Amino acid sequence: MPDLLSFAARGLTGASWGAWILYFLATTQGTIVAVTLYLHRSQAHRGVQFHSAVAHLFRAWCWLSTGMVTRQWVAVHRKHHARCETAEDPHSPQVHGIRTVLWRGVDLYKAAAGNEVDLATYGVGTPKDWIERHLYERWSWLGPTLLAAISIVLFGVVGLALWALQMAWIPFWAAGVINGLGHWLGYRNFETPDTSANLVPWGLLIGGEELHNNHHAFPASARFSQRRFELDGGWLVICLLQRLGLAKVRRVASGLGYRAHIQEPDEETLRALLLQHARILHDYASGVIAPVLAQRPVGRRHLRRLRRALASGGRWLDPATRSELAAVVRTRRYLSDVCDFRDRLVDLTARNRRDMSTLAEELRRWCADAEASGIRVLVDFAAQLKGCRVVEQG
Ligand SMILES: [Zn+2]
Ligand SMILES: [Zn+2]
């Protein structure tokens with residue numbers, strides 16, 4: 001009897017609280033790595049391919065620790081990118097409200113995951129082998145149940161508590177924090193047509209997923225970090241696996257560079273404009289709009305809010321705040337001019353499917369008009385824009 005009680009209390013291991021914490025951190029981080037590397041970067045975006053042994057390990061661990069089905073996860077996520085911030089986006093805080101996405105992100109995921117039409121449209125290319133069909137997909141609930149049993153055997157009742165925490169941990173950080181706050185709070189390197197933001201520059205707690213704005217700018221890139229001070233934990237694991245011959249990186253985001261003394265936009269300028277438009281628009285906001293806005297003193301917090309609103313053309317503001325913004329624009333000399341130039345630049349980058357000679361002509365006209373504007377920061381930006389180029393990164 002005492003043996004049975006002691007087993008119930010401490011499990012087979014009789015481990016101390018230090019071991020419990022270690023087990024919890026290792027297993028939850030293991031799940032985060034499996035989700036960001038396998039489900040997200042490899043299956044949903046094809047940025048990296050793993051050796052089949054590693055892929056099977058990720059699949060098995062995802063099944064055990066989350067019960068999520070690869071095809072469903074991929075379909076929901078690809079739809080998020082394809083329909084971002086619209087009524088069809090499965091988890092946009094702009095549509096569903098930040099509280100709903102943050103605290104009830106799992107419910108939104110479950111509601112979206114069962115849509116058969118979306119599975120057929122967005123779930124293409126995910127595993128359909130025997131183990132997927134007969135175990136991971138058919139008995140998805142069995143994985144977490146098995147993990148609960150293992151936890152109880154190892155740690156007794158504490159194991160059950162650890163398992164419950166594990167089950168809440170991933171949905172909160174992935175479905176709540178990334179899908180919710182990743183479209184609400186933080187800084188932006190790229191003026192993407194959505195509200196994505198980088199939560200913190202060091203992506204270590206959620207495997208690099210913190211760099212959500214970088215990811216929306218280059219969804220197929222296996223590496224999420226873009227600037228020198230940024231760190232992508234998931235990328236470090238990919239590099240390690242690549243060294244061991246267990247991963248093959250397929251795509252990494254390119255960068256933006258500049259050539260001096262380019263008189264007219266050329267083919268390289270056009271290529272950079274099309275591939276790097278989100279970076280160029282961001283540089284326009286910080287290099288042209290911000291200095292014109294700052295001509296007249298305004299509180300720092302207010303200034304940051306205005307800069308952010310103007311960088312996206314006031315797109316995410318409610319009507320009242322948008323008219324407030326329009327009033328501010330009228331009080332600054334040149335501000336409405338540089339905002340018009342921004343709209344023209346957005347238009348140039350948005351219509352990237354038309355023929356290149358028309359695009360080249362419109363870009364030339366944009367640069368000529370900007371240089372004739374007499375607005376110093378705009379003249380400088382146009383000179384720099386003509387010499388921009390794509391920098392391939394390893
Ligand atoms: Zn997103
Ligand atoms: Zn993605």
Side-chain angles (χ1 to χ4, degrees), residues 30-84 86-92 96 101 104-147 166-167 169-176 178-179 182 206-209 212 215-216 219-222 224 234 238 241 247-248 250-251:
T31 306
I32 280 172
V33 167
V35 170
T36 183
L37 262 51
Y38 178 71
L39 292 180
H40 193 194
R41 305 187 204 207
S42 180
Q43 287 295 303
H45 295 296
R46 307 274 167 215
V48 57
Q49 188 179 359
F50 294 107
H51 185 283
S52 62
V54 176
H56 273 292
L57 203 66
F58 281 148
R59 286 169 70 186
W61 186 246
C62 277
W63 174 68
L64 268 176
S65 64
T66 70
M68 292 193 299
V69 176
T70 302
R71 192 161 68 106
Q72 293 179 354
W73 195 95
V74 166
V76 171
H77 188 70
R78 284 182 183 158
K79 191 177 184 187
H80 165 60
H81 279 274
R83 299 276 182 263
C84 204
T86 69
E88 289 181 76
D89 185 336
H91 42 66
S92 165
H96 300 281
V101 182
R104 292 186 38 232
V106 175
D107 297 338
L108 293 174
Y109 173 81
K110 282 182 184 160
N115 186 321
E116 285 297 329
V117 178
D118 288 348
L119 286 176
T121 312
Y122 297 107
V124 179
T126 48
K128 280 185 184 159
D129 52 10
W130 187 92
I131 197 167
E132 190 70 28
R133 284 181 282 117
H134 292 92
L135 182 63
Y136 297 156
E137 199 160 338
R138 188 164 174 206
W139 300 97
S140 58
W141 58 269
L142 188 61
T145 311
L146 200 58
L147 189 66
Q166 262 177 290
M167 292 300 110
W169 189 261
I170 302 303
F172 174 70
W173 289 108
I178 296 300
N179 293 346
I206 325 177
E209 294 285 338
H212 202 59
H215 172 58
H216 269 271
S221 174
F224 289 177
I238 290 175
L241 290 173
K248 197 172 170 187
R250 294 199 168 280
R251 275 174 290 229

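Residues: numbered from 1 along the sequence shown. Computed from a prediction, not measured in an experiment: that's the story for all the values here.
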About how many Å separate [atom2] of [Y] and [atom1] of [X], when rounded to the nearest 0.5 Å?
X: Q49; Y: H51; atom1: CD; atom2: NE2; result: 10.5 Å
X: R71; Y: D118; atom1: CZ; atom2: CG; result: 11.0 Å
X: W173; Y: N179; atom1: CH2; atom2: CG; result: 13.5 Å
X: L146; Y: W141; atom1: CG; atom2: CH2; result: 10.0 Å
X: I178; Y: T36; atom1: CD1; atom2: OG1; result: 8.5 Å
X: T66; Y: I32; atom1: OG1; atom2: CD1; result: 12.0 Å

Side chains of [X] and [Y] in contact at under 4.5 Å (non-hydrogen atoms):
X: T31; Y: W61; result: yes
X: Y38; Y: T70; result: yes
X: Y109; Y: H91; result: no
X: L147; Y: S65; result: yes
X: H80; Y: P90; result: yes
X: W73; Y: H40; result: yes
X: L37; Y: I238; result: yes
X: R251; Y: R46; result: yes

Under 3.5 Å: donor-acceptor pair, side chain of W63, backbone of W139: yes

Could you report the tightest heavy-atom contact between [X] and [Y], atom names first, then the distance?
X: V106; Y: P171; result: CG2-CB, 3.0 Å
X: F50; Y: S42; result: CE1-CB, 3.7 Å
X: G105; Y: A175; result: C-CB, 3.9 Å
X: D89; Y: S92; result: OD2-CB, 3.3 Å
X: G47; Y: A222; result: O-CB, 3.5 Å
X: G208; Y: F224; result: O-CD1, 3.4 Å

message: With side chain to side chain contact (heavy atoms under 4.5 Å, CB included) as the criterion, how do F58 and V33 come out once you've worked through the C-alpha distance, each side chain's angles and the decisive distance to 0.1 Å?
response: CA-CA 9 Å; F58 281 148; V33 167; 4.1 Å; yes

- request: Would you indicate whether R133, at its atom CZ, is surrounded by more than 12 heavy atoms from other residues, nucleotides or ligands within a distance under 6.0 Å?
  value: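 Counting other residues, nucleotides and ligands, CZ of R133 exceeds 12 neighbours.
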
message: Going by salt bridge (charged side-chain N to carboxylate O under 4.0 Å, His left out), name the pairs with one or both residues in residues 58-68, residues two or more places apart or in two chains.
response: R59-D129, R59-E132

- request: Classify the side-chain pair Q43/T126 by whether it contains a donor and acceptor separated by less than 3.5 Å.
  value: no

- prompt: What residue among H215, R250, R78 forms side-chain hydrogen bond (donor to acceptor under 3.5 Å, both in side chains) with H45?
  reply: H215

